[in-house]
Visitor: 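Attaching a single structure in structure tokens format; questions to follow.
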Amino acid sequence: MVPVTAEPVADRGTWFRVENGSAGSAVRRAAERLGDQLGLPAARIADLAIVAAELTSNLIKHADDGLLLLRPARHELDAGVEMIAVDTGPGMADLADSARDGHSTAGTLGIGLGAIVRQASWFDAYSQPGRGTVIAVRVFAGPDTAASWVGGLTRPLTGETVSGDGYAVRIVGDRRQVLVTDGLGHGPLAAAATDAALAAFRDAPAASPAEVVGHLHRAMSHTRGAALAVAEPDPAAGVLRYAGLGNITGVVASGDGRRRGLVSLPGIAGHQRPVIRQYDYPFEAGGLLVMHTDGVVDRWQLADYPGLAGRAPLVVAATLLRDAGLRRDDAGVLVARSWS
């Protein structure tokens with residue numbers, strides 16, 4: 001059997017709306033519990049508490065519509081805690097300056113971002129004056145030096161506790177493949193369909209995206225079904241292989257803002273007998289693959305976000321979800337970067 005490994009991506013996690021001190025305390029306690037469950041050393045749990053406190057304090061003091069996603073992040077041999085803070089506040093003109101100790105925008109000691117950077121195993125952020133800020137942090141037992149080529153996140157429909165959207169990443173043999181799935185409808189049954197797709201994806205043979213989609217379709221017949229798409233970046237060949245069913249948006253975006261849409265065929269994985277077809281697209285160095293569910297409006301343009309294409313894929317995904325995600329539907333975004 002060909003071994004399957006996973007990138008250090010995380011599960012769907014829990015979203016917190018951060019508007020006051022009680023919400024900040026709830027996030028800190030939840031982060032400490034998660035760190036303990038994942039076996040982080042006591043000293044790193046204390047560092048994690050500092051990160052949670054500073055992130056939530058920033059959201060309370062400066063943000064509009066502040067949200068924070070808390071979830072485990074897993075490498076092959078260890079695990080840590082990931083927090084993604086998202087807001088539509090005033091933003092920052094110079095993140096590097098804001099992270100400098102002593103910098104202040106609210107009469108504080110100005111150690112917030114600096115403290116976050118020091119405690120984090122990995123940190124990245126994007127901010128735009130007038131549009132808000134996204135900060136992504138991971139706290140592992142040690143450094144997290146791997147530059148991940150992929151990142152994603154999902155958010156449930158307002159009022160729901162689970163999302164029917166999901167994503168997964170796998171490395172099987174010499175193939176790197178990603179999946180984005182949208183369970184039919186929303187709520188627990190949609191989440192169950194997506195969970196079935198994610199499990200089948202992890203167990204799928206080392207095969208082309210079209211063959212993997214066929215495998216997922218057969219494995220999901222007991223569910224209400226899902227729209228889904230599988231992509232396989234192959235930077236050595238300069239190609240992206242893609243196969244999709246239903247309303248999953250796939251785009252190859254270049255750093256200068258050009259977009260090329262990817263074809264998904266009509267159908268529902270797990271129902272009837274859909275036509276499955278694979279398409280190959282140019283995917284050159286510096287390109288980004290963006291995949292999202294129909295809970296994200298397909299009117300975003302990377303050209304509207306100067307410098308965003310150079311940030312970590314997770315930060316790109318979180319920024320697009322913030323600005324294009326619908327509150328009346330589950331929403332999910334995955335971004336993968338071509339690597340050399």
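All values below were derived from every heavy atom in this structure, side-chain atoms included, with hydrogens, water molecules and symmetry-related copies excluded. Predicted, not measured: the structure shown is a model, and the values here were computed from it. Note that the numbering runs from 1 along the sequence shown for the chain.
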Visitor: With salt bridge (charged side-chain N to carboxylate O under 4.0 Å, His left out) as the rule and sequence neighbours excluded, what pairs involving residues 209-231 come up?
Guide: none
Visitor: I'd like to check the side-chain hydrogen bond (donor to acceptor under 3.5 Å, both in side chains) partners of Thr154; sequence neighbours left out, ordered by chain and number.
Guide: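 Expected list: none.
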Visitor: State, to 0.1 Å, how close Phe16 and Ala30 come at their nearest heavy-atom pair, and which atoms those are.
Guide: CZ-CB, 3.9 Å
Visitor: With clusters defined by side-chain heavy atoms of hydrophobic residues (ILVMFWY) lying less than 4.5 Å apart, directly or transitively, does Val252 cluster with Leu265?
Guide: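 Hydrophobic grouping puts Leu265 with Val252.
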Visitor: Roughly how far apart are Ile135 CD1 and Glu54 CD, rounded to 0.5 Å?
Guide: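 Answer rounded to 0.5 Å: 10.5 Å.
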Visitor: Flag yes if Leu157 and Leu320 sit in one hydrophobic cluster, no otherwise; membership is Ile, Leu, Val, Met, Phe, Trp, Tyr, and two members link when side-chain heavy atoms are under 4.5 Å apart.
Guide: no
Visitor: Kindly say whether Gly152 contributes a backbone atom to a donor-acceptor pair with the side chain of Tyr167 at under 3.5 angstrom?
Guide: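 Yes; at least one donor-acceptor contact below 3.5 Å.
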Visitor: Using the rule that Ile, Leu, Val, Met, Phe, Trp and Tyr join whenever any side-chain heavy atoms are under 4.5 Å apart, tell me whether Ile50 and Val27 fall into a single cluster.
Guide: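 Result: no, two separate clusters.
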Visitor: Taking side chain to side chain contact (heavy atoms under 4.5 Å, CB included) as the test, write out the residues that go with Arg299, two or more places apart.
Guide: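 Only Val297 meet the side chain to side chain contact (heavy atoms under 4.5 Å, CB included) criterion with Arg299.
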Visitor: Please name all residues satisfying salt bridge (Lys or Arg N to Asp or Glu O under 4.0 Å) with Asp323, sequence neighbours left out, ordered by chain then number.
Guide: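 Arg131.
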Visitor: Can you tell me how far CG of Leu228 sits from CG of Leu216, rounded to the nearest 0.5 angstrom?
Guide: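 Taking CG in Leu216 and CG in Leu228, the distance rounds to 5.5 Å.
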Visitor: Would a distance-only check, ignoring hydrogens and angles, find a side-chain to backbone donor-acceptor pair under 3.5 Å from Gln278 to Ala210?
Guide: yes
Visitor: Hey, what do you get for CG (Leu68) to CG (Leu59), rounding to the nearest 0.5 Å?
Guide: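 Atom-to-atom, Leu68:CG and Leu59:CG are 6.5 Å apart.
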Visitor: Pairs in or reaching into residues 308-320: which pass side-chain hydrogen bond (donor to acceptor under 3.5 Å, both in side chains), with residues at least two apart or in two chains?
Guide: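 The answer is Asp124-Arg311.
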Visitor: Please report the interatomic distance CG(Asp329) to OG(Ser163), rounded to the nearest 0.5 Å.
Guide: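 Going from CG on Asp329 over to OG on Ser163, the span is 8.5 Å.
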Visitor: Measure from the side-chain N and O atoms of Thr181 to the backbone N and O of Thr194, and report whether any donor-acceptor pair falls under 3.5 Å.
Guide: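 Such a contact is absent between Thr181 side chain and Thr194 backbone.
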Visitor: How far does CG of Leu198 sit from CZ of Arg170, to the nearest 0.5 angstrom?
Guide: 12.5 Å
Visitor: Please tabulate, one pair per line, all N/O donor-acceptor pairs under 3.5 Å involving side-chain atoms of residues 236-250, not counting sequence neighbours.
Guide:
from, atom 1, to, atom 2, distance (Å)
Arg241, NH1, Glu232, OE2, 3.0
Arg241, NH1, Asp234, OD2, 3.2
Arg241, NH2, Asp234, OD2, 3.0

Visitor: Show me, pair by pair, the donor-acceptor contacts under 3.5 angstrom made by side chains of residues 283-292, not counting sequence neighbours?
Guide:
from, atom 1, to, atom 2, distance (Å)
His292, NE2, Trp300, NE1, 3.1

Visitor: Donor-acceptor check, side chain of Asp165 to backbone of Ala331, threshold 3.5 angstrom: yes or no?
Guide: yes
Visitor: Got a sec, which residues hit side-chain hydrogen bond (donor to acceptor under 3.5 Å, both in side chains) with Arg17, two or more places apart in sequence or on another chain?
Guide: Asp65
Visitor: Can you name the side-chain hydrogen bond (donor to acceptor under 3.5 Å, both in side chains) partners of Tyr281, sequence neighbours left out?
Guide: none
Visitor: Going by side-chain hydrogen bond (donor to acceptor under 3.5 Å, both in side chains), name the residues that satisfy it together with His186, two or more places apart in sequence or in a different chain.
Guide: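 Applying side-chain hydrogen bond (donor to acceptor under 3.5 Å, both in side chains) to His186 gives Glu160.
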Visitor: Linking Ile, Leu, Val, Met, Phe, Trp and Tyr by side-chain heavy atoms under 4.5 Å, what else ends up with Ile268?
Guide: Leu184
Visitor: Who clusters with Val162? Use side-chain heavy atoms, under 4.5 angstrom, across I, L, V, M, F, W and Y, and order the result by chain and number.
Guide: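 Via sub-4.5 Å side-chain contacts, Val162 links to none.
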Visitor: Taking all atoms of both residues into account, what is the closest heavy-atom pair of Gln177 and Ser208, and its distance?
Guide: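 Between these two residues, the closest heavy atoms are NE2-C, 4.1 Å.
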Visitor: So how far is it from Gln128 CD to Thr88 OG1, rounded to the nearest 0.5 Å?
Guide: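 Those atoms lie 12.5 Å apart.
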Visitor: Is there a donor-acceptor pair under 3.5 Å between the side chain of Arg176 and the backbone N or O of Pro233?
Guide: no
Visitor: Going hydrophobic residue to hydrophobic residue with side-chain gaps under 4.5 angstrom, can you get from Val251 over to Leu326?
Guide: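 No; tracing contacts between hydrophobic side chains, which count when under 4.5 Å, never links both residues.
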